[in-house]
Amino acid sequence: MSKLSRGSWASLLLLVALWQVLAVSETVAFLPTPGKTLSTLIAEAQSGELWMHLGITLRRVAICFAVAMLTGTLMGVAMGLSPKANAVLDPWLVVLLNVPALVIIILCYLSLGLVEAAALLAVILNKIPNVAVILREGSRSFDPSYTALAVSYRLPWGDRLRHILLPQLAPYLAAAARSGLALIWKIVLVVELLGRSNGVGFQLHSYFQLFDVAGILAYSLSFIVVVQGLEWSVLRPLERHATRWKPVPAL
């Protein structure tokens with residue numbers, strides 16, 4: 001698990017101190033203090049509301065992340081290895097990359113209704129093109145000598161995938177996963193805010209209607225902590241593991 005450096009801790013403490021100064025000053029009258037936000041967070045956790053809504057949102061994030069990564073990876077590898085597949089799929093990719101996320105969310109809700117399937121589909125469609133672009137470039141960077149070696153030794157497809165294709169794709173998969181998590185959880189919150197009756201996004205909308213900034217910050221911080229914890233404990237170690245074979249550049 002990644003550890004924060006002294007500089008990172010000092011930066012976080014400075015951020016909290018700045019938050020406290022702004023909260024007690026007259027510059028930002030609506031901003032609650034860190035203590036008030038923390039007490040709201042504890043109250044929500046003790047009532048069980050925080051865990052319920054946080055769990056629902058994380059389930060949506062996990063489903064969308066898995067489906068988008070799998071679909072985008074297959075799409076990107078096919079486009080990178082086959083010019084015909086790239087010619088067919090590239091217009092779709094360009095359209096999805098340029099349509100605003102909010103438009104995709106609204107169209108999914110209008111076509112399928114305010115249901116769970118529409119919410120998940122909207123998030124998945126927003127993430128697939130990003131994964132596909134990264135994996136397409138990764139597939140195009142394959143070393144042809146390894147492929148020739150596999151053909152010469154008549155390696156089974158399973159061995160080619162394990163020992164030749166996946167090691168070369170691993171850094172791109174790690175990059176797509178890190179960027180994907182950062183994008184997906186933000187879109188999930190928007191989807192929940194616009195059309196779901198539970199989740200962290202729904203709670204943010206509820207507190208917004210009540211002008212309860214402490215509640216908004218409490219739920220935001222809880223989700224940020226969880227997602228950042230996944231980044232430090234899972235994604236960064238996986239990325240280091242995936243790129244461990246790369247030579248370190250000489251100084």
Between the main-chain N or O of [Y] and the side-chain N or O of [X], is there a donor-acceptor pair closer than 3.5 Å?
X	Y	answer
Arg196	Leu114	yes
Ser39	Lys36	yes
Trp185	Val61	no
Tyr109	Val191	yes
Glu192	Val200	yes
Ser82	Met79	no

For Phe211 and Phe208, take the angle between the two ring planes, folded into 0 to 90°, and tell me which bin it lands in: parallel under 30, tilted 30 to 60, perpendicular over 60.
tilted
Side chains of [X] and [Y]: closer than 4.5 Å at any heavy-atom pair?
X	Y	result
Glu116	Arg60	yes
Val188	Ile184	yes
Leu50	Tyr219	yes
Met75	Ile128	yes
Leu204	Ser220	yes

Distance check, rounded to the nearest 0.5 Å: [X] atom [atom1] versus [Y] atom [atom2]?
X	Y	atom1	atom2	result
Gln203	Leu54	CD	CG	11.0 Å
Thr40	Tyr207	OG1	OH	7.5 Å
Ser47	Met52	OG	CE	9.0 Å
Thr37	Leu31	OG1	CG	7.0 Å
Leu102	Asn126	CG	CG	9.5 Å
Ile104	Leu96	CD1	CG	5.5 Å

Looking only at heavy atoms, which two atoms of [X] and [Y] are closest? And how far apart?
X	Y	result
Ala78	Ala85	O-CB, 3.6 Å
Gly138	Leu169	C-CD2, 4.1 Å
Val131	Gly72	CG1-C, 3.6 Å
Cys64	Ile124	CA-CG1, 3.8 Å
Gly80	Ser139	CA-CB, 3.8 Å

For residues Glu137 and Tyr172, is any side-chain donor paired with an opposing acceptor at under 3.5 Å?
no
Is there a path of hydrophobic side-chain contacts, each under 4.5 Å between heavy atoms of I, L, V, M, F, W or Y residues, that connects [X] with [Y]?
X	Y	value
Leu121	Val95	yes
Val77	Leu89	no
Leu183	Phe65	yes
Val67	Leu173	no
Ile63	Ile105	no

Start with the C-alpha distance between Arg136 and Leu93, add both sets of side-chain angles, then the distance that settles side chain to side chain contact (heavy atoms under 4.5 Å, CB included), and finish with yes or no.
CA-CA 11 Å; Arg136 178 176 63 180; Leu93 197 62; 3.9 Å; yes
